[in-house]
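The next block holds one structure in the form of structure tokens; read it before the comments.
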Amino acid sequence: MEAIKKDKNQQINITLPDGAVREYTAGTTGMEIAESISKSLAKACAMIEVDGHYRDLSRPIEKDASIRLIKRDDKESLEFIRHDCAHVLAEAVQELYPGTQVTIGPNIEDGFFYDFARNEPFTPEDLPKIEAKMKEIIARGNPFVREVWERNDAIDYFRNKGENYKAEIIEDLPEDQTITIYRQGDWLDLCRGPHMPTTKNVGTAFKLMKVAGAYWRGDSNKAMLTRIYGTAWHTQAELDEYLTRLEEAEKRDHRKLGKEMNLFHLQEEAQGSVFWHPKGYTIYNALEQYVRRRLKDDGYQEVRTPQLMHSKFWKQSGHWQKYRGDMFVVPDCLQEGKDDEDVKIEKGADWLALKPMNCPAHVQIFNQGIKSYRDLPIRLSEFGCCHRNEAHGALHGLLRLRQFVQDDAHIFCREDQILSESIKFFTLVQAMYKDLGFNNYKITFETRPEMRVGSDEIWDKAEAALENALKEMGFEYEVCEGDGAFYGPKVGFIIRDAIGREWGCGTLQLDFNLPERLDANYIGEDGNRHRPVMLHRAALGALERFIGIMIENYAGKLPHWLAPVQCVVAPITDEASDYATTIMETLKNKSLRVETDLRNEKINYKIREHSVAKVPYIFVVGKREMEDGTIAIRKLGSQDQTIMSVEDAAAMLSESCEAPY
RNA sequence: GCUGCCGUAGCUCAGUGGUAGAGCGCACCCUUGGUAAGGGUGAGGCCGGGAGUUCAAUUCUCCUCGGCAGCACCA
């Protein structure tokens with residue numbers, strides 16, 4: 001136990017945020033300071049910041065310090081509310097389910113979780129019971145009491161209690177680490193703290209969200225624990241807002257919208273591969289053609305390389321050794337037999353693999369003929385279909401597939417061109433994201449990992465060139481030390497969508513490894529052979545994935561140039577059907593995607609249906625329009641109607657549906 | 001791949017130890033209606049697959065496949 005002694009003779013100076021300095025006896029607690037200022041402040045206080053560090057209000061302050069009192073209502077106390085809530089959750093679980101071991105319970109975005117070890121996992125039905133118990137514990141309002149324990153005492157205590165995970169955590173803590181325990185009533189937990197004064201401060205604006213499995217220490221070879229996710233907020237209003245946000249996100253789910261809008265489907269016979277329906281494939285094509293225009297104008301040459309290649313090729317590239325298990329491999333022989341069991345594969349048959357990526361094939365194209373330094377940079381792009389045998393549990397709609405197409409390209413250049421090529425690519429990505437409506441993205445710079453190829457000298461140069469390019473662009477970026485690929489440093493573009501979720505999309509990766517392995521070279525100015533540097537790059541990543549993100553970002557209301565149907569011409573009575581058809585033909589001749597709706601339905605019905613289908617424009621025509629040669633235009637999301645001549649309407653629609661590039 | 005939950009009509013979902021229901025959609029008929037659902041009639045299901053318990057299984061049990069959530073993975 002930490003001795004708390006107040007030395008009556010020693011005074012300390014406490015500086016408040018406004019600069020005022022007050023004198024207190026050494027050993028005065030944060031709470032006592034708050035009380036000395038005002039009773040109501042003390043009541044509202046949740047935490048104290050002492051010289052820039054959060055501390056429990058109950059801890060004595062021994063020397064001069066600058067402090068700041070933090071109220072429960074302050075924004076920054078949310079993290080304490082959540083963490084305290086996790087402790088309450090753990091206590092509730094152990095009260096209700098004796099024998100359950102506690103492990104860890106950190107905060108995460110929008111909430112917290114706690115991992116438990118229990119023979120029988122929790123089910124969603126357990127959550128209301130646990131919540132009720134939590135409310136009880138919060139109502140008890142037991143103070144959080146901090147205690148400092150001897151390391152071995154702590155290990156013994158938890159071991160004896162059967163809390164083997166906690167004991168293991170303490171054993172793994174550095175020798176000089178102070179072991180602190182937080183007690184709330186009869187229950188206690190190992191915790192670094194700090195905590196708010198009592199469990200009552202957690203409040204009631206919390207909710208347990210879901211249960212799930214999670215590996216101990218995030219290691220799939222270790223035991224699977226059961227994790228309970230929860231969320232907690234300052235007020236019920238904030239909690240409600242959060243829950244509404246989740247509902248909104250659910251409505252935007254691209255799998256749901258994809259079905260509703262008849263864009264694509266997935267089925268079990270082709271797990272992880274998309275069946276694009278006509279409407280969905282219209283989006284896909286429009287996007288691909290946009291990228292194609294962009295790349296062509298940026299000096300890329302499009303190529304197409306084989307789908308199936310021999311294993312020796314993948315062995316040479318190094319993929320076989322590293323990714324054999326994740327590749328789709330087929331024997332290169334005629335297979336005897338009709339049923340699965342009968343199929344005989346010729347012994348010693350060669351193996352072919354479906355390509356998991358395009359890069360080694362691009363090196364083959366580069367390697368044809370002799371390249372001069374004057375030929376560089378060479379930029380080869382390919383909308384190549386790649387297959388990766390992703391784990392079943394990883395598959396997720398369009399966002400994680402086994403078969404996908406990236407807007408992939410590889411740039412072969414000299415070392416002295418890395419900077420300019422990087423800048424060129426960054427400029428392109430920036431322009432493309434702007435075109436596609438993503439103005440909110442973050443950039444990561446990932447540096448050399450421990451396991452890597454290439455000399456430190458090359459890494460120094462490569463990292464410097466990439467980072468310089470980022471700086472020249474004026475980008476703000478987050479440095480992720482050691483996260484780079486084994487073959488070179490990486491830059492990642494992570495898009496933030498309309499509801500704040502993040503998706504890794506674009507990437508630029510320097511590669512010193514593959515040109516070496518596949519013996520790519522060019523003749524330099526000096527007449528000698530040199531290794532080109534290879535830049536792997538994608539702006540959107542997998543097109544399928546990007547479309548999924550766009551659907552969610554736009555909640556299905558895609559930019560007009562991508563909308564599968566840009567306009568529906570809907571007659572009010574069948575008297576106007578011919579007129580509607582004529583208009584459709586006129587618009588189709590302008591390469592617009594237009595349909596008519598000649599069904600025997602009321603105009604209300606048609607409006608509703610096409611609005612729900614998120615068609616950007618409905619051109620309504622009745623007797624009046626037919627006589628005047630006009631159209632009544634209704635734009636998606638608006639109740640108004642605008643009357644225009646057919647000519648003006650066609651011009652308006654053309655302009656509105658024009659691609660950004 | 002791991003843990004948990006789920007699998008009933010084209011879609012969304014209800015339901016029962018005695019072989020099944022709703023709404024939407026679809027087909028046909030009536031209706032020709034001016035900006036977010038007009039009315040009627042009808043068709044449509046091996047209750048994911050296999051095995052077991054039972055006189056009887058869509059319902060209970062086990063296995064398997066698939067979906068979902070999370071974890072792990074993501075060249």
*Parallel, tilted or perpendicular: ring planes of A:Phe122 versus A:Tyr97, cut at 30 and 60 degrees*: perpendicular
*asked:* Regarding A:Lys355 and A:Glu382, does a basic nitrogen lie under 4.0 Å from an acidic carboxylate oxygen?
replied: yes
*Begin from the C-alpha positions of A:Tyr487 and A:His536 and carry the test ring-ring contact (aromatic ring centres under 6.0 Å, His included) through to its verdict.*
CA-CA 11 Å; A:Tyr487 49 74; A:His536 304 247; 5.4 Å; yes
_Work out how far the P atom of B:C2 is from that of B:G18, and round it to whole angstrom._
36 Å
*Pick the P atom in B:U53 and in B:A14, then give their distance to the nearest Å.*
31 Å
*Using 30° and 60° as the class limits, which term best fits the ring planes of A:Phe412 and A:Phe366: parallel, tilted or perpendicular?*
parallel
*asked:* Within the 4.5 Å heavy-atom criterion, are A:Asp574 and A:Asn600 side-chain neighbours or not?
replied: no
*A:Glu260 CD to B:G10 C1': how many Å, rounded?*
14 Å
*asked:* When the C1' atoms of B:A22 and B:C29 are compared, how many Å lie between them, rounded to an integer?
replied: 24 Å
*For B:U12, does either OP1 or OP2 sit under 4.0 Å from a side-chain N or O belonging to A:Lys259?*
yes
_Measure CD/A:Gln267 against P/B:G48 and give the value in whole Å, please._
18 Å
*For RNA chain B, write out the stems as range with range, using runs of 3 or more consecutive Watson-Crick or G-U pairs with both distances under 3.5 Å.*
B:1-7 with B:65-71, B:10-13 with B:21-24, B:26-30 with B:38-42, B:48-52 with B:60-64
*Expressed in angstrom and rounded to an integer, what is the separation of A:His265 atom NE2 from B:U12 atom P?*
13 Å
_By the 4.0 Å heavy-atom rule, please label A:Thr226 as base, sugar-phosphate, or nothing._
nothing
*Contact class for A:Ile603 vs. all strands (heavy atom < 4.0 Å): base, sugar-phosphate, or nothing?*
sugar-phosphate
*When we call it a touch if two heavy atoms are under 4.0 Å apart, what does A:Glu609 touch: a base, just sugar-phosphate, or nothing?*
nothing
*Rounded to the Å, how far apart are A:Asp597 CG and B:U35 P?*
16 Å
_Can you measure A:Arg599 atom CZ to B:U32 atom C1' for me and round it to whole angstrom units?_
15 Å
_Under 4.0 Å protein heavy-atom contacts per nucleotide of nucleotides 68-75 of chain B, with B for base, S for backbone only and - for none_ = SSBBBBBB
*Could you state the CG-P distance from A:Asn600 to B:U31, rounded to the nearest angstrom?*
10 Å
*Indicate, with a heavy-atom threshold strictly under 4.0 Å, whether A:Glu625 touches base, sugar-phosphate, or nothing.*
base
*Roughly how far, to the nearest 0.5 Å, is CE of A:Met584 from OG1 of A:Thr582?*
8.5 Å
*If the C1' atom of B:C6 is compared with that of B:G52, how far apart are they to the nearest Å?*
22 Å
*Determine the interatomic distance between C1' on B:U59 and the same-named atom on B:G40; round to the nearest Å.*
36 Å
_Rounded distance in Å between the C1' positions of B:C30 and B:G49_ = 45 Å
*With nearest nucleotides of RNA chain B determined for A:Lys606 and A:Arg402 from heavy-atom distances, which residue corresponds to the more 5′ nucleotide?*
A:Arg402
*For the pair A:Tyr242 and A:Trp233, name the ring-plane relationship: parallel under 30°, tilted 30 to 60°, perpendicular over 60°.*
tilted
*CA sep, side-chain torsions, deciding dist, call: A:Phe275, A:His265, ring-ring contact (aromatic ring centres under 6.0 Å, His included)*: CA-CA 5 Å; A:Phe275 289 80; A:His265 84 269; 4.4 Å; yes
*Checking A:Asp628 side chain against A:Thr630 main chain: does a donor-acceptor pair fall under 3.5 Å?*
no
*Roughly how far apart, to the nearest Å, are B:A9 and B:C46 at atom C1'?*
13 Å
_I need the CD-P distance between A:Glu125 and B:C5, as an integer number of Å._
8 Å
*Closer to the 5' end of RNA chain B via nearest nucleotide, is it A:Pro124 or A:Asp574?*
A:Pro124
*When the C1' atoms of B:G1 and B:A57 are considered, how many whole Å apart are they?*
33 Å
*If the plane angle is over 60° it's perpendicular, under 30° parallel, otherwise tilted; pick one for A:Phe116 and A:Tyr114.*
parallel
*Side chain of A:Lys602 - closest among B:G33, B:G34, B:G4*: B:G33
*Rounded to the Å, how far apart are A:Glu601 CD and B:C26 C1'?*
12 Å
*Using a cut-off of 4.0 Å on non-hydrogen atoms, how would the nucleic acid contact of A:Glu268 be classed: base, sugar-phosphate, or nothing?*
sugar-phosphate
_Tell me if the CD atom of A:Glu450 is crowded by more than 12 foreign heavy atoms within 6.0 Å._
no
